[in-house]
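First comes the structure, then the notes that go with it.
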Amino acid sequence: MGAREAREDVTVEVREQHRTPLWRNATFLKWLAQLGVLAAVVALFAVLGAQALKNFNQSGISFGWKWLSDPPGISIREGIDTLPDSGVRAIVVGMVNTLRVGVSGILAATILGTLIGIGRLSKNWIVNKLSTVYVESIRNVPLLLQIFFWQALAITLPSLTEADVGTYWFKASNKGFALAWVRTDGGFWPWLLFVLVGLAVARRVFVRRLAHMEATGEETHPILTAIGVVVAFAVVGWFAWPLLRPLAGLWHGLASLFRALPPIVYPAVVALAAVVGAAWWIRSFFESRRTPAGFGKLTDDDWFRVVFAVVAGLAVAAVAFVVGGFELLTPAGDRRTIAELVGIGIANVLDWFGRAFEVTDGTPLVGTRPRVEVRGAGFVNFSTDGIVMSVPFFAVWTGVTLYTASFIAEIVRGGILAVPKGQTEASMALGFRRSQYLRLVILPQAFRIILPPMGNQYLNLMKNTSLGIAVAFPEIIAVGTTILNQTGQSLPVVLVWMGFFLSLSLGISAIVNYYNRKMKIKER
Amino acid sequence: MTSEPMAREDTPQERVLGEDIIICENVKKWFGDFQALKGVSTRVREREVVVIIGPSGSGKSTFIRCLNRLEAHQEGTIIIDGIELTNDLKNIEKIRSEVGMVFQQFNLFPHLTVLDNITLAPIWVRKMPKDEAEALAMQLLERVGIPEQANKYPGQLSGGQQQRVAIARSLAMKPKIMLFDEPTSALDPEMIKEVLDVMKELAASGMTMLVVTHEMGFAREVADRVLFFDYGTIVEEGTPEHFFTNPQHERTKLFLSQIL
């Protein structure tokens, strides 16, 4: 009756009077804000950059990248190369040292932290209290202090004297900890190829065996079979690796192919990847907005993302060509563009593989034992045999590993506690054994909760390795600082540091996010 | 959408009760100082449907949780299908695979699809081949009336549907006895019926059932026997008819007057 008519009246009224001014239009304002922020960011960087250039010009320091090719004139205490012949080489030594501590630290901290986290939930009183004491004491002391503590502890170990000269399986001293190890020898790379193929085959075998077991209930031992396949390939490869010698020609052929390619190809490939990537992203974005009824209405935010993807793709493509065209001075004294250098680099790596496959004698791996020897008058030290964990490495590695493990323990504990008790009860009522329901029900759910904060801890550990500079561990910050002091090239060195840690962090984030998305529980 | 579970009109009297399958003698249980069970003795026969009622904190849930060792009783004897429940892990494993349980909060595994929820235990505990387990799961989903939900995740279902999946998951282990711990208490009123209908059908098919519930209609219609728990003991027991028309004990009368 009356209500219905009244509503129609109102609609008509609104229609007649409607005309929104621009400053009240939510759509317009939103676009203005988005583009405004983008413009402000670009402007800020432009202003800062211009100011920095002006300051540098006034101060008389000319920044550049020549120090990358110059001999740095420094020696590095430990690493893949102790007397690097170029700045790049020195930086790479530092990066490898950082990665050595970081990656092995992440592995060790994850294992230790998980064990302690489970220990804190243990019904065994002693295990429980010990774990609690560990977590509370370690995470409440500054990391730098802990690194100094481990260094001080290691330095109190006995020093090496002439009485110690000899060969050992393990030897601790104030020069570090030496351990028997294996090193690669002739035939390693062809043998590695055998092992990699074995891993790929083992993966297939594992998947098929598992499927067979699930389908028929027959016990097929998928893990044991897969390990057997890898071992078989490794053993066969150990003797058969010289047969791969003809592959050397293939590597050299590929190398000459890369040498023959015009350098423009490399930036073109990057640009193509950027454009195709942007197009692919936009396509999948539209797909994701598709409903059974057809394409849903795209919001302004959606359109902004599409515009941004197009701009970003084109920008990366343009930058690739610009950077590819930069000229650098090589150690040999000639000027080459970055695109040319990329091609030469790839070809060199391929040639190097080719030479590795041409080797005819040796065994892929050789065991070596640490040796203490006299080096010059009254100077006793480890030889290069075995593997020596130096005191600085030990201090940094132990420090970051134990410190991060205490946080990981809390994350693991929280993750397991966050799985409702009913899940355990339901599993027990169905007759699962403890090991079964932990693996099939509890851990898959706890893992989802644990993963994102775990990624944060990995990032922290990586960044914390830079404290190594305090105990003279030559990681990238320490090496960079030395170069910086010698050359005065502060800005380029800092840019290299930032680029390194940024790409490392983004890499870890990408891996964690990938798993996070993959493991997400569907709720609606 | 969901097809109605077939509620057969069998009356409880048509089921022929068998031998004693659950024997409890003087079962006692403490939580710290608090004694939750103060000597419970009862016997349940094969194919019997026993409904347990009582105020909250009376020990009724604790009692049925003792029957599959989710809680360990401290004194007395519990014998299930001829096997005594003790600390012997092998006996516990055996009994758990014969006794199914349905919980108030469903406790489905949220990271697995409905189908995987149902097949997980048959595959890993019973070592049943996967195709066979999946065929069984589909058959059970048919029985509880939601075969079309097989590939969804628990979080995508309504409470009533989740509880029906939980019942199917227990049945997949082909249990001899089913325990229900307040199966409808967490459900919206319009979903209670769909779960109760499944339980009625199950009772009619001859399953031995112990049901803790506040659904007096279900007790009246389906139960062979009603146990009234208070302060950790069975205060009164009898047929539903006796129970709802002629309760003897003062506490029973008070309880019934409050909830009916």
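The sequence lines fix the lettering, A, B, ..., with proteins before strands; numbering per chain opens at 1. Just so it is clear, the values below take in all heavy atoms, side chains as well, and ignore hydrogens, waters and symmetry mates.
Between B:Leu112 and A:Val441 there is no side-chain heavy-atom pair separated by less than 4.5 Å. A heavy-atom distance below 4.5 Å is found between the side chains of A:Gln436 and B:Val125.
Across B:Leu179, B:Val102, B:Asn68, B:Leu108, the residue that shares the most heavy-atom pairs under 4.5 angstrom with chain A is B:Leu108. Options A:Ser427, A:Ala429, A:Pro444 differ in how many heavy-atom pairs under 4.5 Å they form with chain B, and the most are formed by A:Ala429. Looking only at heavy-atom pairs under 4.5 Å with chain A, the residue among B:Met101, B:Arg169, B:Met173 that has the most is B:Arg169.
Here the straight-line distance linking atom NE2 of B:His111 with atom CD1 of A:Ile442 works out to 8.5 Å at 0.5 Å rounding. The structure places NE2 of A:His212 at 13.5 Å from NZ of B:Lys130, a figure rounded to the nearest 0.5 Å. With rounding to the nearest 0.5 Å, the separation of CZ in B:Arg69 from CE in A:Met428 is 11.0 Å.
Other residues, nucleotides and ligands place no more than 12 heavy atoms under 6.0 Å from the CZ atom of A:Arg203. Surrounding OH of A:Tyr514 are at most 12 heavy atoms belonging to other residues, nucleotides or ligands under 6.0 Å away. More than 12 non-hydrogen atoms from other residues, nucleotides or ligands lie less than 6.0 angstrom from CZ of A:Phe285. In A:Trp280, the CH2 atom is not crowded: 12 or fewer heavy atoms of neighbouring residues, nucleotides or ligands sit closer than 6.0 Å. For A:Tyr515, the OH atom sits in a loose shell: 12 or fewer heavy atoms of surrounding residues, nucleotides or ligands are nearer than 6.0 Å.
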As a quick check of understanding, evaluate side-chain contact (heavy atoms from CB on, under 4.5 Å) for A:Leu430 and B:Phe109, giving each step before the final call.
CA-CA 12 Å; A:Leu430 283 166; B:Phe109 306 136; 4.1 Å; yes
Could you go through the side-chain contact (heavy atoms from CB on, under 4.5 Å) check for B:Arg65 and A:Glu425 one step at a time?
CA-CA 10 Å; B:Arg65 287 161 63 86; A:Glu425 290 185 347; 2.6 Å; yes
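Against chain A, the residues from residues 86-100 of chain B that qualify, each with a non-hydrogen atom under 4.5 angstrom away, are B:Glu93, B:Arg96, B:Val99 in number order. At a heavy-atom cut-off of under 4.5 Å, chain B is reached by A:Gly422, A:Gln423 from residues 416-424 of chain A, listed in order of number.
Annotation: cation-pi pair A:Arg433/B:Trp124 absent, no NZ/CZ under 6.0 Å from the ring centroid and within 45° of its normal.
Neither the backbone nor the side chain of A:Arg434 comes within contact range of chain B; no heavy atom of the residue lies under 4.5 Å from a heavy atom of that chain. For chain A, the nearby parts of B:Asp131 are the backbone and the side chain; heavy atoms of each come within less than 4.5 Å.
In plain terms, the two heavy atoms of A:Phe432 and B:Ala121 that are nearest each other are CZ-CA, 3.4 Å.
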